[in-house]
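One structure below.
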Amino acid sequence: MRIDVVTIFPEFFSVLDVSLLGRARTQGVLDVRVHDLRDFTHDRHRTVDDTPAGGGAGMVMKPEPWGEALDAVLTPSSTVVFPSPAGALFTQGRARELSSREHLVFCCGRYEGIDQRVVEWAGSVAAEVLELSLGDYVLNGGEVAAMAMIEATARLVPGVVGNPESLVEESHEDGMLEYPSYTKPATWRGLETPAVLLGGNHAEIAAWRREQQRERTRRIRPDLLAAGAPEEDRKDQP
């Protein structure tokens, strides 16, 4: 998979060189390229913003540098992602969808956002354009959201996570939260590992973990059960 990121803070994405994503880049599983939007400006101040049409507070990112930046990276098969608090909610399901795309382009806005014509124009060139939000809150810019989306998506690309089985039982993969995890020692500071996990009965362990998923989801995220968890896991929902 190829991922291009356009931002005015390219140094933010140095974290992509560490951990699993860094290894995936080294091994050629991921091809990640970060571009400085200011490299596509032509004035001595490298200006990327201007006052909003119609007035109002703040500044809006200009279309001209964005157009040139996207000219340099877009292809007819690209999926373009604009992180935005006005976008659709980014979910595990969406991450899985994006992990099957061959080319992702993340456009990191700042200030009051990117001129909407950039989004509209990108839709006439790329295969797909998405405006996505991490949640119902506002960040200073799109970099944090883009990094979260890149990690959530890229880890699902075959070859990034060493043991693909570890992805199967994670939170949100089946509409519920993941069960709690334990390791050695069996007793730590007076707290015990649940006995069922030490008994070696795999059927009992699987049943316990499933019930823990149900209980944790009912307690913390009952909205997930209402939104589409398996029917048997919605029983006794409050």
Side-chain angles (χ1 to χ4, degrees), residues 3-16 18-19 21 32-41 45-70 73-74 78-99 101 104-123 126 128-156 170-172 177 217 220-224 226-227:
I3 299 174
D4 283 274
V5 181
V6 183
T7 172
I8 61 171
F9 295 115
E11 63 275 13
F12 182 93
F13 293 92
S14 60
V15 69
L16 290 170
V18 302
S19 191
L21 297 190
V32 184
R33 309 177 190 187
V34 182
H35 311 270
D36 188 342
L37 180 66
R38 296 190 190 277
D39 290 343
F40 300 93
T41 60
H45 298 295
R46 306 179 79 199
T47 306
V48 297
D49 61 316
D50 207 336
T51 56
M59 303 290 278
V60 176
M61 300 193 90
K62 294 160 56 71
E64 297 95 336
W66 276 106
E68 292 193 26
L70 292 177
V73 300
L74 287 190
S78 302
T79 291
V80 186
V81 177
F82 291 89
S84 168
L89 185 64
F90 179 77
T91 63
Q92 184 71 12
R94 180 70 76 177
R96 187 161 292 283
E97 290 175 10
L98 292 180
S99 71
R101 307 298 194 261
L104 300 178
V105 179
F106 287 86
C107 301
C108 300
R110 280 270 156 178
Y111 317 121
E112 297 303 311
I114 302 170
D115 188 306
Q116 187 64 27
R117 291 171 294 179
V118 176
V119 180
E120 296 170 4
W121 173 82
E128 184 178 26
V129 173
L130 302 169
E131 294 180 86
L132 298 176
S133 171
L134 286 186
D136 296 334
Y137 47 87
V138 178
L139 301 170
N140 286 333
E143 286 78 13
V144 170
M147 188 63 247
M149 293 178 194
I150 289 170
E151 179 156 315
T153 298
R155 65 192 300 276
L156 300 176
E170 294 181 319
S171 291
H172 306 292
L177 302 182
T217 306
I220 299 174
R221 292 290 305 277
D223 57 300
L224 294 177

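Sequence positions, counted from 1, serve as the residue numbers for this chain. Note that the coordinates shown come from a computational prediction; the quantities given were computed from them, not determined experimentally.
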Pairwise distance CG(N140) to CZ(R110) - rounded to 0.5 angstrom
5.5 Å
CG of L74 to OG1 of T79: how many Å apart, nearest 0.5 Å?
10.5 Å
Got a second to check how far T41's OG1 is from R46's CZ, nearest 0.5 Å?
5.5 Å
Test item: T47 side-chain N/O and D49 main-chain N/O as donor-acceptor pair under 3.5 Å:
no
Option among Q116, E120, E68, R117 that satisfies the side chain to side chain contact (heavy atoms under 4.5 Å, CB included) test with P63:
R117
Show the nearest heavy-atom pair for residues F106 and M149, with the distance to one decimal.
CE2-CB, 3.8 Å
Might you point out which heavy atoms bring C107 and L70 nearest each other, and give the distance in Å?
SG-CD2, 3.8 Å
Quick check: does any side chain N or O of S84 sit under 3.5 Å from a backbone N or O of A86, one acting as donor and the other as acceptor?
yes
Taking E97's backbone N and O only, do any of them form a donor-acceptor pair with R101's side chain (distance below 3.5 Å, no angle check)?
yes
From the list V81, L132, T153, side chain to side chain contact (heavy atoms under 4.5 Å, CB included) partner of R94 resolves to L132
Tell me whether E151 at atom CD has more than 12 heavy atoms from other residues, nucleotides or ligands lying less than 6.0 Å away.
no
So, for V73 and H35, which heavy atoms are closest and what is the spacing to 0.1 Å?
CG1-NE2, 3.5 Å
Return the minimal non-hydrogen interatomic distance between V80 and A126, and the atom names on each side.
CG2-CB, 3.6 Å
Any chance you could lay out the side chain to side chain contact (heavy atoms under 4.5 Å, CB included) test for I150 and V32, step after step, and finish with the verdict?
CA-CA 10 Å; I150 289 170; V32 184; 5.8 Å; no
Do T7 and F13 make a side-chain contact, defined as non-hydrogen atoms from C-beta onward lying under 4.5 Å apart?
yes
Just so I know, are the side chains of I3 and L16 near enough to count as touching, which here means a heavy-atom distance under 4.5 Å?
no
Stepwise, does the side chain to side chain contact (heavy atoms under 4.5 Å, CB included) test hold for I114 with W66?
CA-CA 8 Å; I114 302 170; W66 276 106; 3.6 Å; yes
Heavy-atom nearest pair, L37 first then A69, reads CD1-CB, 4.1 Å
Distance, nearest 0.5 Å, that separates CZ of R96 from OG1 of T91:
11.0 Å
So how far is it from D136 CG to L89 CG, rounded to the nearest 0.5 Å?
7.5 Å
Which heavy atom in G58 sits nearest to a heavy atom in P52, and how many Å separate them?
O-CD, 3.2 Å
Taking the side chain as every heavy atom from C-beta outward, state whether F12 and V5 have any pair of such atoms under 4.5 Å apart.
no
